[in-house]
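Down below is the structure, laid out as structure tokens.
Numbers for residues simply follow the sequence, beginning at 1.
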Amino acid sequence: MKEQKVVLITGCSSGIGLSTAVYLSKKGYKVYASMRNLEKKDNLFSEAKKAKVSIEIVQLDVTDEQSIKKAISFILKKESRIDVLVNNAGFGFGGFLEDCSMEEIKDQFETNFFGLIRVIKEVLPVMRRQRQGYIVNISSIGGRVAFPVLSVYCASKFAVEALTESLRVELAPFGIKVATINPTSIKTNFHSNVQSAKKSQDQSSAYYEYMKRFEKNVDKMSQVNVEPVVVAKSIYTAITSKNPKRSYLVGKGARMLLVLKSILPNRVFEKIIGMQFFRN
């Protein structure tokens, strides 16, 4: 009998993480779905029940090393292995840089970048001993194209892209494959949960009117019908590939955006982006 592959997914209380946990369970993986707050586990339980699959739910806060160690230790005691790590935990943050406090900037990187690194570092000794494993980092189209007002968020995702690129070479001798998934707007709670710089919401800010215009246009652009299961399918493609691609683009317009960035002069591309985000 073929050995069941073990998957750890972070950030599974909703959206991409939840959909991926259910999808991979249906594909026969032993899924450990983690979340920072276990009080938010009911949605995942409900979806797993509908799909008639069994999913183990564990508490894991990517900003807390002890929480990570405890979760991974629990998995290893039960399974003795981890074949796939999907780093999905993260959040969006928007604000004009001058208005962003250093505390807000650090919080963004603590979750989106340093949190991801903490989990990878804890899982690597296991995968290295196994001489195999897959690490999939959920990035964003904002990790390939930087957008105004999302400078801090995009910087955290660009950092994930650089880390992934390095790790692909660094870990290849140990049979460990690394890839990113780069979604555009997906039908999740991401946009409604984006945290804004406190100062950018203050009418005394020099950027206040631009911020309101930005928010209005982002709301329009975020009205999409691309379900998170589409991302889950891309993750499955990556972890079943002998040689996964470095990046998997998911969602409407992702590929076209990168093509335009590569062929247009910077000033033209920047003007187009500005018109999209700040038009009246």
**Stepwise side-chain contact (heavy atoms from CB on, under 4.5 Å) check, Phe91 with Gln108** = CA-CA 7 Å; Phe91 70 94; Gln108 176 77 121; 3.5 Å; yes
**Request:** Mind checking side-chain hydrogen bond (donor to acceptor under 3.5 Å, both in side chains) for Ser204 and listing every partner two or more places apart, or none if nothing turns up?
**Result:** Asp202
**Prompt:** Between Gln59 and Ser67, what is the shortest heavy-atom contact and its length?
**Reply:** OE1-OG, 3.1 Å
**Message:** Closer than 3.5 angstrom, by distance alone: can the side chain of Arg168 be matched with the main-chain N or O of Val178 as a donor-acceptor pair?
**Reply:** yes
**Message:** Asn87 and side chain to side chain contact (heavy atoms under 4.5 Å, CB included): which single residue from Leu116, Val123, Ile181 fits?
**Reply:** Leu116
**Asked** Is there a donor-acceptor contact under 3.5 Å from the side chain of Arg131 to the main chain of Pro173?
**Response** yes
**Asked** Quick one: does Tyr248's side chain get under 4.5 Å of Thr180's, heavy atoms only?
**Response** no
**Message:** Checking Asp61 now: which residues fulfil salt bridge (Lys or Arg N to Asp or Glu O under 4.0 Å) with it, not counting sequence neighbours?
**Reply:** none
**Asked** Mind checking what makes side-chain hydrogen bond (donor to acceptor under 3.5 Å, both in side chains) contact with Ser19, not counting sequence neighbours?
**Response** none
**Message:** I'd like to know whether Lys50 forms a salt bridge (Lys or Arg N to Asp or Glu O under 4.0 Å) with Glu47, so could you lay out the CA-CA distance, the side-chain angles of the two residues, the decisive distance to 0.1 Å, and finally the verdict.
**Reply:** CA-CA 5 Å; Lys50 286 181 190 176; Glu47 292 301 316; 3.4 Å; yes
**Prompt:** What pairs with Phe147 under ring-ring contact (aromatic ring centres under 6.0 Å, His included), at least two apart in sequence or on another chain?
**Reply:** Phe277
**Item:** Linked, directly or transitively: Tyr210 and Tyr208 (ILVMFWY side chains, under 4.5 Å)
**Value:** no
**Prompt:** Can you find a side-chain donor-acceptor pair between Gln201 and Lys212 that sits under 3.5 Å?
**Reply:** yes
**Prompt:** Residues in side-chain hydrogen bond (donor to acceptor under 3.5 Å, both in side chains) with Glu98, at least two apart?
**Reply:** Tyr207
**Item:** Carboxylate-amine/guanidinium contact Glu270 Arg267, below 4.0 Å
**Value:** no
**Fill in**
Applied to residues 21-37, the side-chain hydrogen bond (donor to acceptor under 3.5 Å, both in side chains) test, sequence neighbours excluded, yields Tyr32-Glu79
**Message:** As a quick check of understanding, evaluate side-chain contact (heavy atoms from CB on, under 4.5 Å) for Tyr153 and Ser140, giving each step before the final call.
**Reply:** CA-CA 10 Å; Tyr153 172 76; Ser140 165; 3.4 Å; yes
**Message:** Under the side-chain hydrogen bond (donor to acceptor under 3.5 Å, both in side chains) definition, can you give me all pairs with a residue in residues 230-246, not counting sequence neighbours?
**Reply:** Glu161-Arg246
**Prompt:** Which distance, rounded to the nearest 0.5 Å, do you find between the CE of Met127 and the CZ of Arg129?
**Reply:** 11.5 Å
**Asked** Does a sphere of radius 6.0 Å around CZ in Phe158 hold more than 12 heavy atoms from other residues, nucleotides or ligands, not counting ones at 6.0 Å or beyond?
**Response** yes
**Fill in**
Residues Gly11 and Asn88: closest non-hydrogen pair is O-ND2, 2.8 Å
**Fill in**
One should read off an interatomic distance between Met211 CE and Ser200 OG, to the nearest 0.5 angstrom, of 5.0 Å
**Fill in**
Applying side-chain hydrogen bond (donor to acceptor under 3.5 Å, both in side chains) to Glu165 and not counting sequence neighbours gives none
**Asked** What are the two closest non-hydrogen atoms of Gly95 and Cys100, and how far apart are they?
**Response** O-SG, 3.5 Å
**Message:** Run the side-chain hydrogen bond (donor to acceptor under 3.5 Å, both in side chains) test on Ser205 and Asp99 for me, step by step, so that the C-alpha distance in whole Å, both residues' side-chain angles and the decisive distance to 0.1 Å come before the verdict.
**Reply:** CA-CA 8 Å; Ser205 167; Asp99 284 347; 2.6 Å; yes
**Item:** Under 3.5 Å: donor-acceptor pair, side chain of Glu56, backbone of Ala33
**Value:** no
**Asked** Can you tell me if Glu104 uses its side chain to pair, donor with acceptor, with the backbone of Ser101 under 3.5 Å?
**Response** yes
**Message:** Run Val84 and Ile235 through side-chain contact (heavy atoms from CB on, under 4.5 Å) and show every step you take.
**Reply:** CA-CA 10 Å; Val84 179; Ile235 293 169; 5.8 Å; no
**Request:** Check the side chains of Ser247 and Asn182 for a donor-acceptor pair under 3.5 angstrom, ignoring hydrogens and angles.
**Result:** yes
**Message:** I'd like to check the side-chain contact (heavy atoms from CB on, under 4.5 Å) partners of Glu122; sequence neighbours left out, ordered by chain and number.
**Reply:** Ile68, Lys69, Ile72
**Request:** Could you tell me the separation between the CD1 atom of Ile120 and the CG atom of Leu163, rounded to the nearest 0.5 Å?
**Result:** 5.0 Å
**Prompt:** So, for Ala89 and Val62, which heavy atoms are closest and what is the spacing to 0.1 Å?
**Reply:** CB-CG1, 3.9 Å
**Results of side-chain contact (heavy atoms from CB on, under 4.5 Å) for Lys52 - residues two or more places apart only** = none
**Nearest atoms (heavy-atom pairs only) where Gln132 meets Ile176** = C-CG1, 4.3 Å
**Message:** Strictly distance-based, threshold 3.5 Å: is any side-chain N or O of Lys49 a donor or acceptor partner for the main-chain N or O of Leu44?
**Reply:** no
**Asked** Any side-chain heavy-atom pair from Leu171 and Leu124 closer than 4.5 angstrom?
**Response** yes
**Message:** Count I, L, V, M, F, W, Y as connected when their side-chain heavy atoms are under 4.5 Å apart, and connections chain through other members. Are Val169 and Val136 then in the same cluster?
**Reply:** no
**Prompt:** Just by distance, with hydrogens left out, do Thr164 and Asn137 show a side-chain donor and acceptor under 3.5 Å apart?
**Reply:** yes
**Complete:** Rounded to the nearest 0.5 Å, the CG atom of Leu38 sits from the CE atom of Met35 at a distance of 6.5 Å
**Asked** Hey, are Asp83 and Arg81 close enough for a salt bridge, meaning a charged N less than 4.0 Å from a carboxylate O?
**Response** yes
**Fill in**
So side-chain hydrogen bond (donor to acceptor under 3.5 Å, both in side chains) across residues 110-120, not counting sequence neighbours, yields Glu110-Arg118, Asn112-Ser156
**Asked** Within a strict 4.5 Å, meaning less than it, do heavy atoms of the Ile239 and Leu24 side chains meet?
**Response** yes
**Complete:** CG of Leu167 to NZ of Lys177, rounded to nearest 0.5 Å, is 14.0 Å
**Item:** Spacing of Ile16 atom CD1 and Leu18 atom CG [to the nearest 0.5 Å]
**Value:** 11.0 Å
**Request:** Return the minimal non-hydrogen interatomic distance between Ala21 and Cys12, and the atom names on each side.
**Result:** CB-SG, 4.5 Å
**Message:** Just to verify, what does Leu258 make a side-chain contact (heavy atoms from CB on, under 4.5 Å) with, not counting sequence neighbours?
**Reply:** Ile141, Arg144, Val145, Leu249
**Prompt:** Any side-chain heavy-atom pair from Val86 and Tyr134 closer than 4.5 angstrom?
**Reply:** no
**Asked** What do the steps show when you test Val160 against Phe113 for side-chain contact (heavy atoms from CB on, under 4.5 Å), and what is the final call?
**Response** CA-CA 6 Å; Val160 170; Phe113 184 61; 4.1 Å; yes
